[in-house]
Amino acid sequence: MLKLLSVGLLVAMFSATVGAVDIEDHDGMLMDHGDGHLMDMGGGMVMGQNANTLPGGCDSISETKEITVHAGHKFAEKFPGRMYAFDTQEFQFEPCTKLTVHFVNEDNIRHQWMMHGLPKYLYPKGMFHLEVSGPGKVSGTLILPPGDKTYLVHCDIAQHMEKGMKAQLKVGDGDGDLPSIPGVTAMTYADDYKATLPELLKAAETAAKIPDVAVVAAAPAVSAQPQPESGFSGLTVVGLAIGLGLAAFLARKFDGMSASEAVATVFEWLRMGIEALVVLATRLLKLVTGDKNKVLPGN
Ligand SMILES: [Cu+2]
């Protein structure tokens, strides 16, 4: 009986260990590489760290905030068709807030919390970026710029944003909503589960046939369209430059000549031009029709 109890206790302990995700904290492991770039050999990274420099337009730090964002497959379960997600899709802070983000990646792959659109004079490439191989945690601090603006936050690893790891961070009132944020805004390209696969295939085949007719029908309409008018096209500028240059040259050349002298000069140039063309054409003709056998000099 005692044996059975201890076995049961062991099983219970084992399953408890399996159930809990062991998150590795990278905060104490990071090496400061300067310019807000911190990194360790275990897969943790912070870029665009800025805890001390006020962005232009901020007189002081308005608030100091700290958030913890979780990332992983399990947070996408409530969003049909999505694969990865953050546990929060929308953030909002006052302008000039000093924000510390603790990023917890609960998956056994890499994820990022990457914020775009920040002023480039302060944040390299306009980014603040946390990245960690999971399961792991990494933290970073930035100071948000002034003004009302909506910033994109996403995981930039291939297809992770498209599969749901996308959020928006509004500073002040923000300046609108971004598309395809799970649970917040509509998908730009929504999945369609209404049709069966054979139905979709048939529709795709029909759609593939239509363009042939459409292109033929549309072709005359396209060519009949008037060219868009632009004040100075590249060709116009080149033409003007040549014209002006030629005018200046001719003005110098014909200075002091009578009208008949000028006309004679122009005809002389024309004759020289035609002669040159004839010589060129003759050479070309010889090149095409001439004897392919070449006699080496000295033989
Ligand atoms: Cu990711």
Side-chain angles (χ1 to χ4, degrees), residues 18-31 33 36-50 65-93 99-118 120 123-142 144 149-171 174 177-191:
V18 167
V21 180
D22 197 10
I23 306 273
E24 187 175 17
D25 194 335
H26 288 256
D27 290 343
M29 298 155 61
L30 295 171
M31 253 181 75
H33 293 257
H37 181 201
L38 299 95
M39 207 173 154
D40 65 33
M41 299 303 282
M45 196 198 306
V46 180
M47 285 168 82
Q49 167 112 306
N50 169 35
K65 292 269 172 155
E66 214 164 310
I67 54 168
T68 300
V69 183
H70 295 258
H73 170 62
K74 71 176 186 189
F75 302 107
E77 280 169 10
K78 60 181 172 180
F79 304 119
R82 305 299 181 102
M83 187 71 187
Y84 303 115
F86 300 121
D87 65 340
T88 310
Q89 275 67 42
E90 264 195 303
F91 308 92
Q92 198 274 324
F93 298 100
L99 175 66
T100 296
V101 181
H102 303 290
F103 181 53
V104 184
N105 173 5
E106 299 194 10
D107 284 343
N108 284 296
I109 53 170
R110 276 177 99 68
H111 282 310
Q112 305 167 331
W113 195 89
M114 187 189 271
M115 189 175 164
H116 287 272
L118 293 161
K120 287 185 180 165
Y123 296 95
K125 299 195 167 149
M127 288 195 317
F128 171 74
H129 172 187
L130 303 172
E131 177 170 340
V132 65
S133 293
K137 171 189 168 258
V138 71
S139 309
T141 301
L142 82 161
L144 297 169
K149 190 175 166 180
T150 307
Y151 294 86
L152 166 68
V153 178
H154 73 142
C155 176
D156 197 32
I157 289 171
Q159 286 294 317
H160 286 199
M161 174 174 76
E162 289 76 4
K163 300 231 178 300
M165 202 163 270
K166 185 176 183 183
Q168 62 184 13
L169 189 152
K170 286 183 177 177
V171 170
D177 289 312
L178 300 173
S180 305
I181 308 250
V184 179
T185 50
M187 289 279 277
T188 307
Y189 300 103
D191 289 332

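Side-chain atoms are counted along with the backbone in the values below, which use heavy atoms only and exclude waters and symmetry mates. Order of appearance sets the numbers: ligands from 1, and atoms from 1 within every ligand. In this text, all values refer to a predicted model and were calculated from it rather than measured experimentally.
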With distance as the sole test, does E131 use its side chain to make a donor-acceptor pair with the main-chain N or O of M45 at under 3.5 Å? no
Heavy-atom donor-acceptor pair, D40 side chain to G43 backbone, under 3.5 Å: yes
CG of L38 to NE2 of H26, rounded to nearest 0.5 Å, is 13.5 Å
In chain order, what residues pass the side-chain hydrogen bond (donor to acceptor under 3.5 Å, both in side chains) check against D177, with sequence neighbours excluded? Q168, K170
Taking the Cu ion (ligand 1) as the center, what protein N, O or S atoms are found at less than 2.8 Å? H111 ND1, C155 SG, H160 ND1
Return the orientation label for the Y84 and H160 ring planes: parallel under 30°, perpendicular over 60°, tilted otherwise. tilted
Is any side-chain heavy atom of F91 less than 4.5 Å from a side-chain heavy atom of V69? yes
